[in-house]
Amino acid sequence: MKEYITNSYDETRLLASRLAGELKRGSVIGFIGDLGAGKTAFTGGFVEGLGIKAEVSSPTFAICNEYIGNGVKVYHFDMYRIESWDDLYTSGYYESLDSGDYVICEWSENIFAALPDDSVIIKIEKLGENDRKFTLMTKAEAEA
């Protein structure tokens, strides 16, 4: 388990950009955090760290946004409205897992049982208006 503190939007993006350089292609990231915690900001930094030039936005209504560039692809899911296994199957989630590309899931607690065992779970806590605590852990650590 690793913990990081950021004190601004830019620091959050920088942390995510550095993490992008550490995670292998095919990694699955599951976010746990309240509304406005910084999940989409982190995703934007991660995508930028992979060298992808894209406008990252929350996939709340689309369920999944795809960012492609620099020879890599990121699937960015919002699982907030996923209420059943049927919803999950029709979202394209399982196909993204089989792609070998990066998969990022906001509101991952809604599909926690469907996350691969080697997923990276990132819990985001608001410490103040701009201050955030990021706890990176394995799926097993998050279940404990």
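FYI, the numbering just counts along the sequence from 1.
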Should [X] and [Y] be counted in the same cluster of Ile, Leu, Val, Met, Phe, Trp and Tyr side chains packed under 4.5 Å apart?
| X | Y | value |
| --- | --- | --- |
| F77 | I122 | no |
| V28 | L19 | no |
| L15 | I124 | yes |
| I104 | I68 | no |
| M137 | I5 | no |

Task: Between F46 and Y102, ring centroids under 6.0 Å - done: yes
TODO: Check whether the ring centres of F134 and F42 lie less than 6.0 Å apart, and answer yes or no.
DONE: yes
Taking [X] for its side chain and [Y] for its backbone only, find out whether a donor-acceptor pair lies under 3.5 Å.
| X | Y | result |
| --- | --- | --- |
| S108 | F31 | yes |
| E48 | G44 | no |
| K139 | F112 | yes |
| S27 | L23 | no |
| N70 | V72 | no |
| S17 | L14 | no |
| D131 | L127 | no |

Task: R132 bridged to E125 by N-O distance under 4.0 Å - done: no
TODO: Quick one: pull up CD1 in I29 and CG in L115 and give me the separation to the nearest 0.5 Å.
DONE: 11.5 Å
Closest non-hydrogen atom pair between [X] and [Y], with its separation:
| X | Y | value |
| --- | --- | --- |
| G69 | I52 | O-CG1, 3.5 Å |
| S57 | T40 | C-CG2, 3.9 Å |
| D34 | K39 | O-NZ, 2.7 Å |
| I63 | S91 | CG2-CB, 3.9 Å |

Please tell me if the side chains of [X] and [Y] come closer than 4.5 Å, counting only heavy atoms from C-beta onward.
| X | Y | value |
| --- | --- | --- |
| S119 | I121 | yes |
| C105 | I111 | yes |
| P59 | E106 | yes |
| M1 | T135 | yes |
| N65 | V74 | no |
| E66 | K73 | yes |

- [ ] I would like to know whether Y89 and S84 meet side-chain contact (heavy atoms from CB on, under 4.5 Å); could you show each step before the answer?
- [x] CA-CA 9 Å; Y89 279 109; S84 69; over 6 Å; no
- [ ] Could you give me the CA-CA distance, side-chain angles and deciding distance for Y93 and E95, then say whether side-chain contact (heavy atoms from CB on, under 4.5 Å) is met?
- [x] CA-CA 5 Å; Y93 171 72; E95 291 84 353; 5.8 Å; no
Task: Heavy atoms of other groups near Y80 OH, more than 12 under 6.0 Å - done: no
Task: Residue pair S99, Y75: steps toward the side-chain contact (heavy atoms from CB on, under 4.5 Å) verdict - done: CA-CA 10 Å; S99 73; Y75 291 92; 3.4 Å; yes
